[in-house]
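Taking it in order: structure first as structure tokens, then the write-up.
Here, residue 1 is the first one in the sequence, and each next residue gets the next number.
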Amino acid sequence: LKKILSYATSIRYKALFTLLASSGLRINEALNLTWDKESLDLEDRKIFIPGDESKGKYDRVTFITPECAELLELYKPERERSLQTMYKKSKFLREKLKKMGYVVERSPNPGGNKNSYYWHINKDGRELTKEEILQLDNRVFPIDYVMANHAWRMMLRKAGSPYNECDKNPKLRGNNHYFYNIHCLRR
């Protein structure tokens, strides 16, 4: 795992994959994890997964290693910096805001090219500031499964053999299916 993690492009992915390996969380459980003290307690190195987010529909508690807790602490400032630039690109956040009753609209960027636009997020006739929007997405890892899986696959490719070997089963269609897929981190 250390060899694969050495190819992480950012501390975000190093923290995410270390969390998966040390806690036994499923990828979607990790991606839905929030900074709330009830969900993630870095001091006691404890994670609480509510039943509505777990596969078995039961509440459960798991623990992380000291190394993982340290990586998560180091990741916090980078998360804030990255959210400042990507908050309007997050489809997850826009969908969440719509469900919460916010009006999410897109308008062209007056000074940009034809594919450049702004997202406007309104509540009760008032547009939210960037800071208000960032407070609404409290997930530890504000990315989706596709981004996480892509990062994992890129790290496997860079790590080389045997980590980048694929299953040759002809019944598996489409993309390469790595033996060391993102779900094997739970084991």
Side-chain angles (χ1 to χ4, degrees), residues 1-87 89-100 102 131-156 158-159 163 177-187:
L1 182 62
K2 287 190 187 264
K3 180 177 180 180
I4 297 169
L5 290 176
S6 71
Y7 293 99
T9 56
S10 71
I11 193 167
R12 170 196 301 158
Y13 295 117
K14 195 170 195 173
L16 172 61
F17 301 130
T18 301
L19 174 73
L20 292 173
S22 74
S23 67
L25 290 178
R26 293 173 177 85
I27 182 65
N28 286 328
E29 292 170 342
L31 294 178
N32 288 324
L33 190 64
T34 63
W35 286 111
D36 301 332
K37 181 83 170 162
E38 298 82 36
S39 297
L40 176 62
D41 184 353
L42 291 178
E43 190 174 304
D44 292 335
R45 300 191 326 258
K46 183 170 70 171
I47 297 174
F48 173 75
I49 304 297
D52 61 335
E53 292 181 12
S54 70
K55 184 177 178 182
K57 303 296 179 200
Y58 294 103
D59 294 348
R60 68 187 176 104
V61 174
T62 187
F63 298 91
I64 57 175
T65 62
E67 177 189 21
C68 181
E70 185 178 322
L71 276 171
L72 288 169
E73 283 290 351
L74 291 172
Y75 164 63
K76 275 183 180 181
E78 184 199 307
R79 178 189 176 274
E80 292 301 317
R81 279 192 303 277
S82 68
L83 277 175
Q84 292 293 327
T85 59
M86 70 181 252
Y87 81 99
K89 297 177 184 176
S90 173
K91 183 178 179 183
F92 176 89
L93 180 57
R94 289 194 306 270
E95 294 300 319
K96 178 181 172 184
L97 292 171
K98 285 179 185 178
K99 289 177 185 173
M100 294 170 64
Y102 290 86
E131 290 75 24
E132 291 172 320
I133 294 167
L134 293 178
Q135 290 174 358
L136 294 172
D137 190 359
N138 196 26
R139 294 177 300 150
V140 175
F141 301 101
I143 58 174
D144 61 9
Y145 173 81
V146 173
M147 286 178 67
N149 195 42
H150 176 74
W152 178 251
R153 292 165 61 116
M154 294 304 294
M155 290 164 47
L156 290 177
K158 289 177 183 177
Y163 309 109
H177 295 272
Y178 291 95
F179 286 121
Y180 292 95
N181 65 55
I182 200 168
H183 305 286
C184 77
L185 290 168
R186 291 192 68 226
R187 297 181 184 117

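Not counting sequence neighbours, the partners of Arg139 by the side-chain hydrogen bond (donor to acceptor under 3.5 Å, both in side chains) test are Asp137. The side-chain hydrogen bond (donor to acceptor under 3.5 Å, both in side chains) check on Thr65 picks up nothing, with sequence neighbours excluded. In this view, Asp59 satisfies the salt bridge (Lys or Arg N to Asp or Glu O under 4.0 Å) rule with no residue, not counting sequence neighbours. Every residue two or more places apart in sequence or in another chain was checked for a ring-ring contact (aromatic ring centres under 6.0 Å, His included) with Tyr7, and none qualifies. Listed by chain and number, the residues in a salt bridge (Lys or Arg N to Asp or Glu O under 4.0 Å) with Lys46 amount to none (sequence neighbours excluded). Asn149 is linked by a side-chain hydrogen bond (donor to acceptor under 3.5 Å, both in side chains) to nothing, counting only residues two or more places apart in sequence or in another chain. Partners of Lys3 under the salt bridge (Lys or Arg N to Asp or Glu O under 4.0 Å) rule, at least two apart in sequence or in another chain, do not exist in this structure. Evaluation of the side chain to side chain contact (heavy atoms under 4.5 Å, CB included) rule for Ser6 yields no partner, not counting sequence neighbours. Considering only residues two or more places apart in sequence or on other chains, Glu70 meets the side-chain hydrogen bond (donor to acceptor under 3.5 Å, both in side chains) condition with none of them. Scored by the salt bridge (Lys or Arg N to Asp or Glu O under 4.0 Å) test, Lys2 finds Glu67 as partners (sequence neighbours excluded).
Val140 places none of its side-chain heavy atoms less than 4.5 Å from the side chain of Thr34. You'll find the side chain of Leu25 reaches within 4.5 Å of the side chain of Leu19, heavy atoms only. The shortest distance between side-chain heavy atoms of Leu40 and Arg45 does not fall below 4.5 Å. Counting heavy atoms from C-beta on, the side chains of Ile64 and Leu42 come closer than 4.5 Å. Within the 4.5 Å cutoff, no side-chain heavy atoms of Lys158 are placed close to those of Met155.
Evaluation of the ring pair (Phe, Tyr, Trp, His ring centres under 6.0 Å) test over residues 39-58, restricted to residues two or more places apart or in two chains, returns none. The ring pair (Phe, Tyr, Trp, His ring centres under 6.0 Å) analysis of residues 9-34, with sequence neighbours excluded, yields the pairs Phe17-Trp152.
Between atom CD of residue Glu29 and atom CD1 of residue Ile27 there is a gap of 10.0 Å, rounded to the nearest 0.5 Å. Atom CD1 of Ile4 sits about 12.5 Å away from atom NZ of Lys14, to the nearest 0.5 Å. Atom CD1 of Ile49 sits about 7.5 Å away from atom OG of Ser23, to the nearest 0.5 Å. A distance of 9.5 Å separates NZ in Lys76 from CZ in Arg79, rounded to the nearest 0.5 Å. Atom CD1 in Ile11 sits 11.5 Å away from atom CG in Leu5 (nearest 0.5 Å). Rounding to the nearest 0.5 angstrom, the gap separating the CG atom in Leu33 from the CZ atom in Phe141 is 7.5 Å.
No side-chain donor-acceptor contact under 3.5 Å links Glu53 to the backbone of Pro50. Looking at Ser39, its side chain never comes within 3.5 Å of a backbone N or O of Trp35 through a donor-acceptor pair.
What you find for Asn28 and Tyr145 is that their closest heavy atoms are OD1-CB, 4.2 Å.
For Lys57, the NZ atom counts as densely surrounded, since its 6.0 Å shell holds more than 12 non-hydrogen atoms of other residues, nucleotides or ligands.
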Apply side-chain contact (heavy atoms from CB on, under 4.5 Å) to Asp36 and Asn138, showing your working.
CA-CA 8 Å; Asp36 301 332; Asn138 196 26; 2.9 Å; yes
